[in-house]
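What follows is a single structure, written as structure tokens, with notes after it.
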Amino acid sequence: MSWDEKGGKIWMDGEFVDWNDANIHVLSHVVHYGSSVFEGLRCYKNPNGSAIFRLNEHVERLFESAKIYKMPIPFTKTDISNAIKEVVAVNKLESCYIRPLAYRGYKELGVSPLNCPVNTTIAVWEWGTYLGDEAMENGVDIGVSSWRRLAPDTMPSLAKAGANYMNAQLAKLEAIENGFDEAIMLDYHGFVGEGSGENIFLVKDDVIYTPSLSSSILKGITRDSVIKIAEGLGYEVSQEKIPREMLYLADEVFFSGSAAEVTPIRSIDRIEIGTAKRGPITEKIQSEFFSIVDGKTEDKFDWLSYIEY
């Protein structure tokens, strides 16, 4: 189904509107200056019902991003959490991707957003494996981008802001043009940062490494989930500065993210990683992740919020 054929409802500032009527004014501040913050969540169907993964943490980060950009969201966290559940239920989707968005709307133009309203919208749609079904087992081919992550005194990496993703978009476009599935971006000092929309993990000699927050990365919620899962499985996880060459010497490398979930990487810059397919530690973490969201094992971390239809 193409985007223009979609039915269903989108939540906009407290009201449901038809998918094709969910419009904003062309002179809205966000269109001209990228003044938006957003989240990406997944809802999973399992034997216990339909469950949103880490709903509270995503809503909390949405409000934190808005706080950094001085965007007062005119709803409470509870309002947004309840609205997210309601959107999934109204659209009768058992599993889906969820996109809450707060943005500066229409009133006047100029760099200052202070006189423009903060509008909020939530949309849901069916979205399969982000980098392809085969990628979950066979891995993806990645290139290190010539575009770097933002320096900390330019734009805040901890905010999941729309404008930040123009930086990520450049890396993604470059990767596609060079025949790769995705990009890895280095930070402003040349250390490993993250993908265009994913955090990254390396495995070397049974130790798991991931860039620290000082490498201009987003504080990923799935990243945090992977760390907790890995430590629960008995693995040491080190958050530190990672030089580029460690990518090529790693036994395993994988992405994490709400869209990417846990996706193995088989090559970087056309250099094979490990056995050039999903490694055993990646597989264990991936298996535990999906066992939780698929309701096959106990939700011991209390990550799942179930929908009432």
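Applying ring pair (Phe, Tyr, Trp, His ring centres under 6.0 Å) to Phe53 and the options Phe289, Phe290, Phe301 leaves one that passes, Phe289. Of the options Asp302, Val293, Val59, Asp224, a side-chain contact (heavy atoms from CB on, under 4.5 Å) to Arg54 is made by Asp224 and by none of the others.
Within the 4.5 Å cutoff, the side chain of Ser215 has heavy atoms near those of the Lys241 side chain. Between Ile84 and Pro100, some side-chain heavy-atom pair lies under the 4.5 Å cut-off. Side-chain contact between Ile142 and Phe180 is absent, with no heavy-atom pair separated by less than 4.5 Å. Contact of the Ser238 side chain with the Tyr209 side chain is registered, since non-hydrogen atoms from C-beta on lie closer than 4.5 Å. The closest side-chain heavy-atom distance from Ile24 to Val30 is below 4.5 Å. Residues Leu109 and Tyr33 have side chains in contact (heavy-atom distance under 4.5 Å, counting atoms from C-beta outward). Counting heavy atoms from C-beta on, the side chains of Leu304 and Asn46 come closer than 4.5 Å. Inter-residue side-chain proximity for Val87 and Ile10 is flagged as unmet; no heavy-atom pair is nearer than 4.5 Å.
In terms of heavy-atom proximity, Ala161 sits nearest to Tyr69 at CB-CE1, 3.6 Å.
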Checklist entry - Given the rule in the side-chain hydrogen bond (donor to acceptor under 3.5 Å, both in side chains) test, do Thr154 and Tyr188 qualify, once you have shown the distances and angles that lead to the verdict? => result CA-CA 11 Å; Thr154 56; Tyr188 60 102; over 6 Å; no
Checklist entry - Does the side-chain contact (heavy atoms from CB on, under 4.5 Å) test come out yes or no for Leu93 and Glu126, once each step is laid out? => result CA-CA 8 Å; Leu93 292 175; Glu126 294 179 337; 3.8 Å; yes
Checklist entry - How far apart are the C-alpha atoms of Lys172 and Glu182, what are their side-chain angles, what is the distance that settles it, and do they pass the salt bridge (Lys or Arg N to Asp or Glu O under 4.0 Å) test? => result CA-CA 6 Å; Lys172 182 73 172 185; Glu182 182 55 280; 3.3 Å; yes
Checklist entry - Is there a side-chain hydrogen bond (donor to acceptor under 3.5 Å, both in side chains) between Tyr306 and Lys85 once you walk through the steps? => result CA-CA 8 Å; Tyr306 284 90; Lys85 291 180 180 180; over 6 Å; no
Checklist entry - Checking side-chain contact (heavy atoms from CB on, under 4.5 Å) for the pair Val37/Phe63: CA distance, chi angles, key distance, verdict? => result CA-CA 9 Å; Val37 296; Phe63 277 78; over 6 Å; no
Checklist entry - Given Asn167 and Arg149, is the side-chain hydrogen bond (donor to acceptor under 3.5 Å, both in side chains) satisfied, shown in steps? => result CA-CA 7 Å; Asn167 175 240; Arg149 288 289 295 150; 3.3 Å; yes
Checklist entry - Yes or no on side-chain hydrogen bond (donor to acceptor under 3.5 Å, both in side chains) for Ser212 and Ser214, after CA distance, side-chain angles and deciding distance? => result CA-CA 5 Å; Ser212 62; Ser214 61; 2.7 Å; yes
Item to check | Worked check of side-chain contact (heavy atoms from CB on, under 4.5 Å) between Glu194 and Phe255 | outcome: CA-CA 9 Å; Glu194 60 185 6; Phe255 277 140; over 6 Å; no
Item to check | Stepwise side-chain contact (heavy atoms from CB on, under 4.5 Å) check, Cys43 with Ile52 | outcome: CA-CA 4 Å; Cys43 178; Ile52 299 173; 4.1 Å; yes
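For the atom pair CD1 (Ile229) and CD (Glu231), the distance works out to 11.0 Å, reported to the nearest 0.5 Å. Here the NZ atom belonging to Lys228 is positioned 11.5 Å from the CD1 atom belonging to Ile292, to the nearest 0.5 angstrom. In this structure, CD1 on Ile242 lies 6.0 Å from OG1 on Thr210, to the nearest 0.5 angstrom. To the nearest 0.5 Å, the span separating OG on Ser305 from NE2 on His58 amounts to 10.5 Å. In this structure, OG on Ser291 lies 12.0 Å from CG on Asp299, to the nearest 0.5 angstrom. A distance of 13.0 Å separates CG in Leu158 from NZ in Lys67, rounded to the nearest 0.5 Å.
In terms of modelled atom types and a separation under 3.5 Å, the side chain of Asp269 and the main chain of Val144 share a donor-acceptor contact. His29 contributes a side-chain N or O that, together with a main-chain N or O of Val111, makes up a donor-acceptor pair within less than 3.5 Å. His32 places a side-chain N or O within 3.5 Å of a backbone atom of Val26 that can act as its donor or acceptor partner. Formation of a donor-acceptor pair under 3.5 Å by the Ser216 side chain with backbone atoms of Ser157 is not found in this model. Glu174 places no side-chain N or O within donor-acceptor distance of the main-chain N or O of Ser145, the cut-off being under 3.5 Å. Not a single donor-acceptor pair under 3.5 Å links the side chain of Asp181 to the backbone N or O of Val140. For Arg223 (side chain) and Leu218 (main-chain N/O), no donor-acceptor pair under 3.5 Å exists by modelled atom type. Arg99 places no side-chain N or O within donor-acceptor distance of the main-chain N or O of Thr121, the cut-off being under 3.5 Å. In this structure, the side chain of Thr263 does not engage the main chain of Met136 through any donor-acceptor pair within 3.5 Å. Checking side-chain atoms of Arg278 against main-chain N and O of Glu283 turns up no donor-acceptor pair under 3.5 Å.
Cluster membership check: Ile68 does not share its hydrophobic cluster with Met166, using side-chain heavy-atom separations under 4.5 Å among Ile, Leu, Val, Met, Phe, Trp and Tyr. Ile208 and Val192 end up in different hydrophobic clusters when Ile, Leu, Val, Met, Phe, Trp and Tyr side chains are linked at under 4.5 Å. Leu202 and Ile227 end up in different hydrophobic clusters when Ile, Leu, Val, Met, Phe, Trp and Tyr side chains are linked at under 4.5 Å. Ile200 and Met246 end up in the same hydrophobic cluster when Ile, Leu, Val, Met, Phe, Trp and Tyr side chains are linked at under 4.5 Å. Cluster membership check: Ile98 shares its hydrophobic cluster with Phe16, using side-chain heavy-atom separations under 4.5 Å among Ile, Leu, Val, Met, Phe, Trp and Tyr.
Ionic pairing of Lys9 and Asp18 is present here: one or more N-O contacts between side-chain nitrogen and carboxylate oxygen are shorter than 4.0 angstrom. Residues Arg266 and Asp141 are paired through a salt bridge, judged by an N-O separation under 4.0 Å between the basic side chain and the carboxylate. Salt bridge present: Lys77 and Glu60 bring a charged side-chain N and a carboxylate O closer than 4.0 Å. With respect to the salt-bridge test (charged N to carboxylate O, under 4.0 angstrom), the residues Lys219 and Glu64 do not qualify.
Remark: Lys277 NZ is loosely packed, at most 12 non-hydrogen atoms of other residues, nucleotides or ligands lying under 6.0 Å away.
In summary, the aromatic rings of Tyr235 and Phe201 are positioned with their centroids too far apart to meet the 6.0 Å limit.
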